[in-house]
Each structure stands twice: as C-alpha cells, then as structure tokens.
Amino acid sequence: MSTLMRKKQAPAPVTEKKKFGAATLDRIERAGNKLPEPFAPFLYLFLAVGLISTVVSWFNVSTTLPGAEAPTLIKGLFTGEGITWLMTTAVENFIGFPPLGVVVTLLLAVGVAERTGLLLVLVKSTLGRAPGWALPYVIALVALCAHIMSDASILVIPPIAALVFRAAGRNPVAGLLGSYAVGIAAFSCTPFITSTDALLAGISNAAAAPVSGLVLPVTAVSNLFLNIVLAGVLTVAGGLVIDKVLEPRLNRTGVGVNAAAADEASPDVTAAEKSALRWAGLALLVVVGLFLALALPAGAPLRNEAGGFLPKSPLLSSVIFIVFCVLLAPAIVYGARLRLVTNIQSVVEMMGQAVKDAVSFIVVAFILAQFLALFTWSGLASWVAVNGAQTLKDVNFTSYGAIIAFIAAVSILNLLISSGSSLWTLIAAVFIPMFALIGYEAGFVQAAFRVGDSATQALTPLNPYLVVILGFLRKYEPEAGIGSIIARMLPFTAVFWVLWVLVLTLFFVTGTGTGPGMDIMVD
C-alpha cells in the first residue's frame, strides 16, 4: 500500500485527508484486483439464469409481448429441452454474436495502423503544430478523436501530450492528466466511427431480440449525430478545465513545474514520417473517392431501393467495411514508405498480432454470447421487460425522468464494473426491452448508457489504466498516489456528466435522432 501513497510530510489537515483518501482508494483497488477475470462472472450469471429459468418454468410462468398472438412460456436450461438447445446452438450463439465479427474485423485494420506508427504520427503531427495557448483545446480534441484506436488511445496520447506541453513551456503533468481525463471521461465520444460504436451496437441488437419488431436496428452510426455535437462541446469544456482548473492547481502546488525530461520519446515528426504521411493521405483520398463513387450518383449500388440511405441502405450496412478500408489502405501505404511493410506477410503478421492481443475478448465473447442467447431463449428477458415496463407505467415513471435515473444508475455501476462492454452486456438485456415497451428506441437507450458509462470512468480505482497513468505521472511526481489522480479527475467528471446530460436532453426535447436512421421514440 505504501507504494501508492504520498510520503509523510509536514502535518496539515489537507495532507492528512489526501493520505486517508489515497489509502481508502488503495484498499478498493486491491479488493477489485481480487475479483475474478470477466469470464468467471459471466459464467456465474449464465448458470444463475439457467437455474432461475428452470425453477420458474416449473410453475408454467408466461408473458405476452405487445403484438404477439400468444403468450411465451418461460423455458428452463436444466431441462431436456434446455440441454438440447444449448448443445445444438452453442457454436451458432458464439459465431453469431454480433460484436465478435465486428470487433475482430476492425482490429485487423487498427492493428496495422498502430504497428506501422501511422496513428502515433498523426497524433504527434497534430499536437506539434498547435500554439502554446491552444494546446489544452488541441489536446482535448486529439484525445477525443484518438478513440479510433480504442483503449490504445488511453496509453498512447498522455505521454506524447506531456512532451508537447513541456516543449511549449507549459506544465507537462497538465498535458498528461488532461489528455487522460478527456480520453477516459468522454470515451467513444468522437466524430469518427470506432470499434466501440460497433461493439455497443452489436450488444444492443442482441439485447433487443425480444422486441426486435418494435425498435429500429442499432448500427455503428446510430449515435453519430449526438457524438459529433458532444465532440465539439466536450473539446471546449475539456480544454477549459485543463487550462483554468487543472494546470493552475498543479502550478500552485509545484507539481510538474520545471520538470526534467521524463521520456526518451520525441514529440517531433521526422522528415521520413512526414513524407509517408502525405502518401497515406493520398491513399485515404483514393479510398474515400471510391466509396463516394459507389454512393453519391443516382442509382448508385450503395443506395436503397428508394434511392436514399435511410432508414436502411447498403451504405449503412457497409459502415464497418468502409472504416476497415479507410484505416487499412493508408496504414499499408504509410508502412510501405517507411519499409515497415515490405510484403503481404508484413501486413498479415501485424493483423495476427492485433488478433492475438484480442484473445481475452474472444474468450469472454464465448460466454457473453451464451449468456445473452439463454436470457432471450428462456423467455426471462421478455418477462423482465414486460413486468419492468408495467411497473414503470404503474408508478407513472415513463417520462424522461426514467432516462435520467437510468444514467445515474449506470454512473454508479460504472464505478464497480469498469468495462463498458461488460456493463452494457449485463444491463442491456433488461433495459433495452424495458424501455422499448414504454416507447424509447434502443439506439437512444444506448446513447443514455454511454453518458453514465464514460463520465465516471475516470474516478473508479478499478480502471486498469489508472495504474499505468500513475506510472507515467510518477516520472514527474515521484510521490504521487492514485488519490492524486482521482482528485484531479473530479472536475472533468462533474463537468462532462452535466454537459453530456444537457446535450442528450436537448436531442430529446427537440426530437432530433441521435444518428442516421435512429429516432428517439418508438413509432
């Protein structure tokens, strides 16, 4: 515990409070580290649902979904029918699990973009051109846009931001912690389509199976309009908090002031990297041009039968493939110019390493798929949704206040379950059907989830990246503890949570859909 706490200094009430807070957070972190790997909790949930469904089935419990001609009986896993179902569909459940193919597909492209250095040089070239006064806002924007790297952005951006801040004569710790705060508290809030968008959409569609006839299908762009607005709002807000709150506080306490070089890496972009980046840009233009040619002309193959794109069209169904190509083609060209990609085998090896890094997700996806499939097949999902929706109606809690309460609940749960996909898998199967039955589209419920899931992520000591950031921080502040980080994250969490809720409320009040083809209320 002592390694994560500040050393004892001159006695003062503030110091003692910080020490006590850091010690408490240390105990929470140690307790969280003793929790089993994600596979185990979902296995226990699978078995629990199996047991509950079996017991309930003995009493011939049934439920009737709106529009259904006949009631649906609850079916038990530990029955002849249930065992047969599991044995004959386990592989299909796994292979058909929507997030699996989407995530692996995007990882193939992201892996090449990461390992050729394209994503890193994009970050360095963007930050390096910013004037000193604008750095906080540029850092915030880059931290948001870098979510295209998924979790990797949380590890790549902060040390580079610290270097750039120091080079501009500003406090490097402000760059380090500011970029981390924006990256973690506004996670997946980017104007670009990322693997997270696809992952959450896949989980949402799987959870919406009991009410699939009521709600619109969720796609990777179902929250795009909301994300674009939020990206602008949170970029400005994040820059302001860095500039007006975080950095002045660090300067007052002497943290990071006159810090010596803490990293061997350089924030500069070499001439060779600049040349390769230009070639990558040309490749991007070619790819984008090809897709525009397939979508814009009248009668283009990516238009739907009516000649448009909404609510469904080959273009929307091709988003994952388009993102794959937009990432992969420039990355290959960039790597080829730097001789990091010399043949097809080079690309294959980079893709293979990316999939290797995702093995833990693939393993967990197997039990996630079985859990969701059982929850739907047994009829428990429908039963919980119908009765939950009826309860909300009985207490007259079907207005927007129910969405706010849902966001607050997610914010609290997020402190205990730091994985957004895991948390969404746990609660989507209940809340998407439930909210659908009182009139809310699945895509809007997913948007509400993202508010609570992201804003408090910077505060949980169970966040695995907290320890990594602590390592970066100790290069500048050797005596820093986890409490030091969390205390500096609080302003970001508070500001982002309020702003995110206000923007979501604005979409609700104006009836603006959160993305292409996605409404707020069920028709």
Side-chain angles (χ1 to χ4, degrees), residues 63-68 98 188-189 197 200-227 229-230 310-312 372 375-376 380-414 420 423-455 497 500-523:
T63 186
T64 303
L65 285 169
S188 79
C189 180
D197 295 301
L200 295 181
I203 295 173
S204 298
N205 285 326
V211 290
S212 58
L214 295 178
V215 298
L216 295 170
V218 183
T219 69
V221 297
S222 289
N223 296 150
L224 180 60
F225 296 158
L226 177 68
N227 285 347
V229 174
L230 281 168
L310 300 176
K312 294 181 181 180
L372 281 173
F375 200 45
T376 300
L380 281 179
S382 300
W383 185 87
V384 170
V386 170
N387 287 277
Q390 187 59 48
T391 299
L392 292 176
K393 290 178 180 178
D394 290 342
V395 298
N396 197 28
F397 197 45
T398 59
S399 63
Y400 188 66
I403 295 292
I404 299 297
F406 171 66
I407 294 174
V410 171
S411 298
I412 295 172
L413 289 172
N414 188 46
L423 178 57
W424 188 224
T425 301
L426 284 173
I427 65 177
V430 172
F431 284 100
I432 281 187
M434 182 186 299
F435 277 113
L437 293 176
I438 60 175
Y440 293 96
E441 282 288 356
F444 183 71
V445 178
Q446 175 184 280
F449 163 79
R450 296 171 81 158
V451 178
D453 174 60
S454 295
W497 198 94
W500 210 324
V501 169
L502 287 176
V503 172
L504 186 71
T505 302
L506 180 63
F507 271 73
F508 175 80
V509 171
T510 60
T512 305
T514 57
M518 180 52 60
D519 297 327
I520 292 177
M521 307 300 293
V522 175
D523 291 334

Straight-line distance of T512 OG1 to D519 CG, nearest 0.5 Å: 10.5 Å
With sequence neighbours left out, what residues match S454 under side chain to side chain donor-acceptor pair (under 3.5 Å)? none
Can any side-chain N or O of S222 pair as donor or acceptor with the backbone N or O of G515 at less than 3.5 Å? no
Of all pairs that satisfy salt bridge (Lys or Arg N to Asp or Glu O under 4.0 Å), the ones with a partner from residues 440-452, not counting sequence neighbours: D197-R450
Going by heavy atoms in the side chains, are Y440 and F508 under 4.5 Å from each other? yes
Looking at Y400 and V501, what are the two nearest heavy atoms and their distance? OH-O, 4.1 Å
Do the side chains of F435 and F444 get nearer than 4.5 Å, heavy atoms only? no
With a 3.5 Å distance limit and no angle check, can you tell me whether N223 reaches the backbone of G443 through a side-chain donor-acceptor pair? yes
Considering only residues two or more places apart or on different chains, which pairs with a residue in residues 404-413 satisfy side chain to side chain donor-acceptor pair (under 3.5 Å)? S411-W497
Taking side-chain contact (heavy atoms from CB on, under 4.5 Å) as the definition, give me every residue that meets it alongside S204, ordered by chain and number, with sequence neighbours left out. V218, W424, I432, Q446
Side-chain contact, heavy-atom cut-off 4.5 Å: L214 with L437? yes
When every non-hydrogen atom of P433 is compared with those of A207, the smallest separation belongs to CG-O, 3.5 Å
For S399, which residues count as a side chain to side chain donor-acceptor pair (under 3.5 Å) partner, sequence neighbours excluded? none
Do V451 and V410 come within less than 4.5 Å of each other through their side chains, counting heavy atoms only? no
Could you work out, with side chain to side chain donor-acceptor pair (under 3.5 Å) as the rule, every residue matching S212, not counting sequence neighbours? none
side-chain contact (heavy atoms from CB on, under 4.5 Å) involving A209 - partner list, sequence neighbours excluded: T376
For residues G513 and F225, report the shortest heavy-atom separation together with the two atoms involved. O-CD1, 3.6 Å
With F507, which residues qualify under ring pair (Phe, Tyr, Trp, His ring centres under 6.0 Å), at least two apart? none
Determine the minimum heavy-atom distance between A436 and V211, stating which atoms define it. CB-CG2, 3.9 Å
A448 meets the side-chain contact (heavy atoms from CB on, under 4.5 Å) criterion, sequence neighbours left out, with I403, F406, I407, L504
CG (L506) and CG (L226) are apart, to the nearest 0.5 Å, by 10.0 Å
